[in-house]
Structure formats: structure tokens, C-alpha cells
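Below is one structure, written out as C-alpha cells; comments come after it.
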Amino acid sequence: MGRIGYARVSSKAQDYTAQVEALKVAGCERIFSEKMSGKSTTGRREFDKLMKALLPGDVVVVVKLDRLARSTRDLHNILHDLDAKSCGFVSLGEAWCDTSTPVGRLMTTVLSGVAEFERELIRSRCEDGIERAKAMGTKFGRKAKLTPEQRRVAAKRYAKGETQAELAKVYKVSEATMYRALA
């Protein structure tokens, strides 16, 4: 049962030395560190190595939550993966986030539920706004590359034997656009 640290900075110009030092002070035996954007949880090689190196009972430690996850959903997914491996998680910067204690697990669960509730409210408000906009005649999506008249003429020309590739060049659109217009 060990403490394993994870340090990350977003750009090559930044330095994770302070994070590594804080993780050492927190008792981390191994520390995985990398310079990688947190926009995506995929492609982070050191984080992937950390997840593979974990043994049941290990505790992953970070200096702050934003060093591990970019969003609540990312955090929730990572915590789920750690729980599946029987591992804990501690954020030094957020005292409530310590899944190795009963109170920490409770706080993480409650705050995850609040975040999920908030996401649902936001989605509902967005859907309501979209419906109101549609009812008022707002069009969504990109503007069509071809007018209805151009599509009608192109269909006639296609029926007479011109290829989709030839028509795409004439109307200065991609072949895929012409394919969709003729469908």
C-alpha cells in the first residue's frame, strides 16, 4: 500500500518541480510527472503508466484537482477507475477530496452528485432555449452550400449523365457535398 504522486503542467514552458516537491513531502514513493495539456485525459503517457502501475490499496496523490482532471466528468471517471482498482485518491489542495477516508468518500460522492445535477439543469435550459429559438424561426447548423435551385439543376444534369465529381467542380463544392445534395 503506497502513495503514488502525479504532477502535470500544461505547457513546455512551465515547470512541475514545485508539485514534485510537495508530493515528496506528502510521502509519495513514486511520482509520475509530465508536460501535457489537461484538455483530454487520453494521450497522457505518464498518467497511463501510473494507472497501470497501481496495486490494490495504493493512493494516488495530486497537488490540486486541476492537475488530474479538467472537468467534473473526468474526475468522476478517474475516481471510478481508481475505485475499481481498490485504490484511493487524495488532493493536497482540496482537503475534502480524500477517498481514503469515509468523510472524503462522502464529500466526493455528494459533490459529484451536485455537479451532475448542475449539468442536468444546464442541459435542460439549453434545450428549452433551442426549442424557443426554433419556434421563432431560427435556423440551426451551417448554411447550405447549394441553393434549392442549384440542387434542382444539378439533379437534372446528373440525370443526363454528368458525374458527381464534375458537378462538384462546377458548383465549387466537395464531392461529398454534391453527393448529399443529390441524395
Can [Y] be reached from [X] by stepping across I, L, V, M, F, W or Y side chains whose heavy atoms are under 4.5 Å apart?
| X | Y | answer |
| --- | --- | --- |
| V170 | Y179 | no |
| V25 | F32 | no |
| W96 | V60 | yes |

Measure the spacing between [atom1] of [X] and [atom2] of [Y] and express it to the nearest 0.5 Å.
| X | Y | atom1 | atom2 | value |
| --- | --- | --- | --- | --- |
| E162 | L167 | CD | CG | 5.0 Å |
| R44 | E46 | CZ | CD | 11.5 Å |
| K145 | K172 | NZ | NZ | 13.0 Å |
| D66 | E94 | CG | CD | 7.5 Å |

Donor-acceptor contact present, side-chain [X] to main-chain [Y], <3.5 Å:
| X | Y | value |
| --- | --- | --- |
| T138 | A133 | yes |
| D98 | G104 | no |
| R157 | R152 | no |
| D58 | L55 | yes |
| Q150 | T147 | yes |

Assess the residue pair I122 and R125 against the criterion (side-chain contact (heavy atoms from CB on, under 4.5 Å)); give the C-alpha distance rounded to whole Å, side-chain angles, the decisive distance to 0.1 Å, and a yes or no. CA-CA 5 Å; I122 290 169; R125 286 192 302 262; 3.3 Å; yes
Go through the steps for L68 and D74 under the test side-chain contact (heavy atoms from CB on, under 4.5 Å), then give the verdict. CA-CA 9 Å; L68 180 70; D74 286 344; over 6 Å; no
Please find the pair of heavy atoms, one from [X] and one from [Y], that lie closest to each other, and give the distance.
| X | Y | answer |
| --- | --- | --- |
| A22 | V63 | CB-CG2, 4.0 Å |
| L54 | C87 | CB-SG, 3.9 Å |
| V9 | Q19 | CG1-NE2, 3.6 Å |
| R3 | G27 | CB-O, 3.7 Å |
| R151 | L146 | NH1-O, 2.7 Å |
| A7 | V20 | CB-CG2, 4.1 Å |

Suppose the criterion is side-chain hydrogen bond (donor to acceptor under 3.5 Å, both in side chains): which pairs have a residue in residues 25-34, not counting sequence neighbours?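 For residues 25-34, and leaving out neighbouring residues, the side-chain hydrogen bond (donor to acceptor under 3.5 Å, both in side chains) pairs sorted by first residue read Y6-E34.
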Tell me whether the count of non-hydrogen atoms from other residues, nucleotides or ligands lying under 6.0 Å of NZ in K85 goes above 12.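 Above 12, so yes.
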Heavy-atom side-chain contact between [X] and [Y] under 4.5 Å:
| X | Y | value |
| --- | --- | --- |
| D83 | H80 | no |
| K64 | L92 | no |
| L65 | F89 | yes |
| D128 | S124 | yes |
| V62 | V90 | no |

Test salt bridge (Lys or Arg N to Asp or Glu O under 4.0 Å) applied to R123 and E120, step by step: CA-CA 5 Å; R123 186 170 67 228; E120 291 293 326; 2.7 Å; yes
Under 4.5 Å side-chain heavy-atom separation, chaining through any Ile, Leu, Val, Met, Phe, Trp or Tyr, what else clusters with I130? Say none if it is isolated.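 The other cluster members (ILVMFWY side chains, heavy atoms under 4.5 Å, direct or chained) are F140.
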Applying the side-chain contact (heavy atoms from CB on, under 4.5 Å) criterion to Y16, which one of E21, K35, R67, R8 satisfies it?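 That would be K35; it is the only one of E21, K35, R67, R8 passing the side-chain contact (heavy atoms from CB on, under 4.5 Å) with Y16.
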Are T99 and L82 close enough, and set up right, to give a side-chain contact (heavy atoms from CB on, under 4.5 Å), and what steps lead you there? CA-CA 10 Å; T99 65; L82 290 173; over 6 Å; no
With a 4.0 Å cut-off on N to O distance, would you call K169 and E166 a salt bridge?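 Salt bridge absent between K169 and E166.
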